[in-house]
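Notes for the one structure printed next.
Throughout, a chain's letter reflects where its sequence line sits, starting with A, and its residues are numbered from 1. Reckoned from all heavy atoms, side chains included, excluding hydrogens, waters and symmetry mates.
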There are 2 protein chains.
Amino acid sequence: MKKRQLIERVSKEAEEDHAQPRLTRADWLEKALEMLIENGIDAVRITRLADLLRVTRGSFYWHFADRNELLEAMLEVWQQSNTASIIQAATAPGTLQDRILALFICWLDPELFDPRLDFAVRDWARGDAALQAVIAQSDQQRMDALIAMFAAHGFAERQAIIRARNFYYTQMGYYALNVREPLSVRLSYVATYFETYTDEKLDPQAEADFRQKIIARRDLWGDERIPAR
Amino acid sequence: MKKRQLIERVSKEAEEDHAQPRLTRADWLEKALEMLIENGIDAVRITRLADLLRVTRGSFYWHFADRNELLEAMLEVWQQSNTASIIQAATAPGTLQDRILALFICWLDPELFDPRLDFAVRDWARGDAALQAVIAQSDQQRMDALIAMFAAHGFAERQAIIRARNFYYTQMGYYALNVREPLSVRLSYVATYFETYTDEKLDPQAEADFRQKIIARRDLWGDERIPAR
DNA sequence: CCAACACCATACAGTGGTGTATTGGAAGAT
DNA sequence: ATCTTCCAATACACCACTGTATGGTGTTGG
């Protein structure tokens with residue numbers, strides 16, 4: 001689901017097409033999430049957001065009761081985006097190869113899974129046990145879906161767990177380290193990773209299709225040129 | 001290297017045994033790191049530290065020029081602890097099995113590798129390009145050591161890279177998700193992980209020795225009872 | 001046409017933080 | 001015994017931010 005849509009839904013504002021006269025609750029929420037992602041929760045200050053939005057804080061306190069209400073709305077956006085994408089990719093019908101490739105797409109498309117938001121929220125939870133519990137629950141749901149996926153495709157319980165952990169933790173580790181590589185490099189690892197996770201060879205035709213699908217999404221790779229093979 | 005020792009070295013204070021009359025630079029630094037780990041960099045406030053240390057801020061400004069000088073000292077402690085442990089474990093002589101098990105010990109012993117400090121620093125770097133560069137350099141050093149390790153034990157370049165990434169990212173992902181499992185559970189995964197990373201069976205005797213070594217370190221596992229097999 | 005509403009500006013009180021300047025006091029050196 | 005030196009307390013000026021109360025203005029509907 002598109003993030004702006006989610007933000008608006010959480011903001012409980014059905015966007016009538018007539019351009020909103022001034023600011024909406026969703027505008028504040030969007031800027032706040034941007035700030036969270038780029039500078040952490042402690043940079044989410046009403047004063048700063050007001051400056052960025054070119055209004056005074058008076059506007060904020062019309063849309064929100066206080067800062068805490070904003071924070072709760074932010075968390076709600078997170079809860080309804082990243083986790084859902086992973087679970088959907090893992091539980092759709094099809095072969096194991098289809099599922100793994102669908103998850104790879106998740107890892108590559110920030111509209112489906114935004115790692116910066118995920119880690120900003122984790123960071124936010126530092127020293128906040130209640131928030132940590134919420135996050136742990138989402139992680140559990142994600143892991144359960146992955147374990148069930150491997151189990152449904154022939155792996156014994158223990159093997160399914162290890163493979164799911166490898167799959168999920170490796171990707172989270174990759175994000176945690178803030179690795180910055182061109183998409184072409186990431187694509188070049190796809191087949192090898194696939195074999196590591198499944199012990200099967202990746203069908204060359206499927207890999208080609210995957211590359212095509214990614215390359216078609218120009219928005220994912222900026223100016224870079226990616227050879228089709 | 002013991003963390004308190006490092007903190008004191010960075011503080012350039014050879015600790016004469018006579019109990020220091022009041023506070024040292026290292027005391028402030030230690031509390032600041034504790035605060036960083038538990039509540040993030042934005043919680044590292046001179047006022048709060050002074051309260052915790054039961055002195056006024058006047059003391060702080062005798063030991064440090066300003067808050068920034070404290071932050072630089074904190075970063076220096078991080079630089080000289082975690083990365084060194086990993087590189088040492090990966091580059092020591094011996095078989096691949098020895099190396100992997102040495103690294104597993106790193107992952108289990110916070111004196112060698114403190115994941116909470118590592119991630120607190122990474123979060124601290126959010127929105128700070130200079131700090132991100134410092135961290136990226138440390139990550140590169142760690143990865144290089146791991147790749148060289150796999151390469152030195154018979155894996156081709158590409159395979160060595162994938163295996164090193166899998167090994168390192170999986171562990172970082174585990175920490176990033178703040179997983180809390182008893183040590184006994186983590187130990188039960190050791191052999192399976194080993195086989196995933198190396199494609200070799202873990203020698204039962206080596207595994208038993210490994211368990212013994214961990215169990216001997218009671219400080220790592222609190223009250224828990226771990227069966228020797 | 002004007003009244004009500006939606007949205008924003010302004011002004012104010014209060015809190016928590018930084019950094020500086022100055023003073024106070026206890027231990028060790030002479 | 002006093003004199004430094006080291007370390008900490010106090011007081012002050014100065015933000016940045018929160019939240020509240022109230023007033024102002026453009027837009028819409030009756």
When the distance from [atom1] of [X] to [atom2] of [N] is rounded to whole Å, what number comes out?
| X | N | atom1 | atom2 | value |
| --- | --- | --- | --- | --- |
| B/R25 | D/dA8 | CZ | P | 14 Å |
| B/L23 | D/dA8 | CG | P | 5 Å |
| A/D66 | D/dC17 | CG | C1' | 14 Å |
| B/F64 | D/dA8 | CZ | C1' | 15 Å |
| B/F60 | D/dC6 | CZ | P | 19 Å |
| A/H63 | D/dG19 | NE2 | P | 16 Å |
| A/L70 | D/dC17 | CG | C1' | 15 Å |
| B/D42 | D/dA16 | CG | C1' | 13 Å |

message: In terms of relative ring orientation, are B/F104 and B/F210 parallel, tilted or perpendicular, with 30° and 60° separating the classes?
response: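 Plane angle over 60°, so perpendicular.
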- prompt: Going by the angle between their ring planes, with limits at 30° and 60°, are B/Y193 and B/Y197 parallel, tilted or perpendicular?
  reply: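 Ring orientation of B/Y193 relative to B/Y197: parallel.
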field: Within residues 44-56 of chain B, residues whose heavy atoms come under 4.0 Å of DNA chain D
entry: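 Going residue by residue through residues 44-56 of chain B, the ones with a heavy atom under 4.0 Å of DNA chain D turn out to be B/V55, B/T56.
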- prompt: Heavy atoms, side chains only, cut-off 4.5 Å: are B/M74 and B/I41 in contact?
  reply: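 Yes, at least one pair of side-chain atoms sits under 4.5 Å.
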- prompt: Can B/R122 be said to sit on top of B/F119's aromatic six-ring, NZ or CZ under 6.0 Å from centre and within 45° of the ring axis?
  reply: yes
- line: Sorted by chain and number, sequence neighbours left out, side-chain contact (heavy atoms from CB on, under 4.5 Å) with A/A145 holds for A/I87, A/A90, A/T91
message: Side chains of A/Q132 and A/D128: any donor to acceptor distance under 3.5 Å?
response: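 Side chains of A/D128 and A/Q132: no pair found under 3.5 Å.
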message: Side chain of B/R57, heavy atoms from C-beta onward: which of D/dT18, D/dA8, D/dA11 has the nearest atom to it?
response: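 The listed nucleotide nearest to B/R57's side chain is D/dA11.
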